[in-house]
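Contents: one structure, followed by commentary.
None of these values were measured; they are calculated from a predicted model. Note that ligands are numbered from 1 as they come in the structure, with each ligand's atoms numbered from 1 the same way.
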Amino acid sequence: MPDYKEIRVNTVPAYTAAIGPGLLKDCGQRLRETIPPCHMAVVTDSTVGPLYLETVTESLKAAGYAASAYEFPAGEESKNVSTLSDILEFLAKERLTRSDCLVALGGGVAGDMAGFAAAVYLRGVRYVQMPTTLLSAVDSSVGGKTAINLQAGKNLAGAFLQPAAVLCGTDCLKTLPPEVFADGAAEAVKTGVLCDEGLFALFEDGTLKADPAEVIARCVEYKAGVVERDEKEQGERKLLNLGHTVGHAIEKCSGYTIPHGHAVAAGLAIIARAAGALGWTEEPIAARIGACLTKNALPVSTEFSPEALAEAALADKKRSGGSITLVVPKRIGLCELKTVPVTELLPVIRAGWEA
Ligand code: GLY
């Protein structure tokens, strides 16, 4: 029996995130444990499709599913209403029904878009997440956030829809380009700063001192608990946005040419420096966080001005009326939410900004 880690996510409905080698090859057999024979429409991108689509569709067919596939051009710039519309037209052309299922095969963009298509097609069908990047494995494949970007900002149209299953085949991680691996390391380091100094320490010398499956399991376990307690992000789940207020602003200012994890890394470094400068931390942590990110080939600053970042951030979902909720690191392993007037955002970014 392959060596899978399994984490139960007790939302309604509940599902299992399985992590381990061979899970793409075995996906059909594995999914038959929870999903009866139906039509599986796989949504993937032009990078992942040539690598894994055949493995996945063959496995699905061998397990008794019908399988079809839609491939879109890889990249954050595809995460828009036009690609969503193309996916929906594809599903309709394939005559998918409510007893059928989508499969999101790929990184965060494929997961977010296939998930959103599943949420709105026929007013909601099932979907399965098959993350192939470290970033989607440690974060975006779990928790049911789905979205597309609007011109006004990142993830501004979306829905909460929990997947029916998450199958994370860890063999995919071995062939990731270093900068794509680093992108996921940023989200794992973020999780370490949120809840687990030991996890953070695994990244500190820049050569991951653990099996990636172990890192993914620790991140997913923490996230599962948060999502179970606050699925719709009314409170505690906002903590998962550590580094994301400035991170999303960087992505938007760059026209989405800076990858998500790299932008989050710079956002994390900026909020850590701001927290130190403003006396919000329990101990000095900004230098340690910055050094860890740098060792993992991640940025700790941005060329965009504090003014540009503040303006972009104020279009973000994290704003509520006249205030915005920031996630502030207190020490490595503990963060808190701090709601400030929107007028405070620019001074906070200035306090942490470094050219
Ligand atoms: N990526 C943050 C969340 O799922 O809430």
Using only atom types and a distance under 3.5 Å, with no angle test, would you say the side chain of Ser59 pairs donor to acceptor with the backbone of Lys25? yes
Please list, one pair per line, the donor and acceptor atoms closer than 3.5 Å that link side chains of residues 106-122 to other protein atoms, with sequence neighbours excluded.
{"residue": "Asp112", "atom": "OD2", "partner": "Lys79", "partner atom": "NZ", "Å": "2.7"}
{"residue": "Tyr121", "atom": "OH", "partner": "Leu91", "partner atom": "O", "Å": "3.4"}
{"residue": "Tyr121", "atom": "OH", "partner": "Leu96", "partner atom": "O", "Å": "2.8"}

May I have the list of side-chain donor-acceptor pairs in residues 42-49 shorter than 3.5 Å, sequence neighbours left out?
{"residue": "Thr44", "atom": "OG1", "partner": "Leu105", "partner atom": "O", "Å": "2.8"}
{"residue": "Asp45", "atom": "OD1", "partner": "Thr47", "partner atom": "N", "Å": "2.9"}
{"residue": "Asp45", "atom": "OD1", "partner": "Val48", "partner atom": "N", "Å": "2.8"}
{"residue": "Ser46", "atom": "OG", "partner": "Ala74", "partner atom": "N", "Å": "2.8"}

So if I only count non-hydrogen atoms and take anything under 4.0 Å from ligand 1, which residues does that give, chain by chain? Asp139, Lys145, Lys223, Glu233, Arg237, Leu240
Rounded to the nearest 0.5 Å, what's the gap from OG1 on Thr170 to CG on Leu23? Could you check? 7.0 Å
Show me the donor-acceptor pairs within less than 3.5 Å that the side chains of residues 339-346 make with the rest of the protein, sequence neighbours left out.
{"residue": "Thr339", "atom": "OG1", "partner": "Thr325", "partner atom": "OG1", "Å": "3.0"}

Do Lys338's NZ or CZ and the ring of Trp280 fall within the cation-pi criteria of under 6.0 Å and 45°? yes
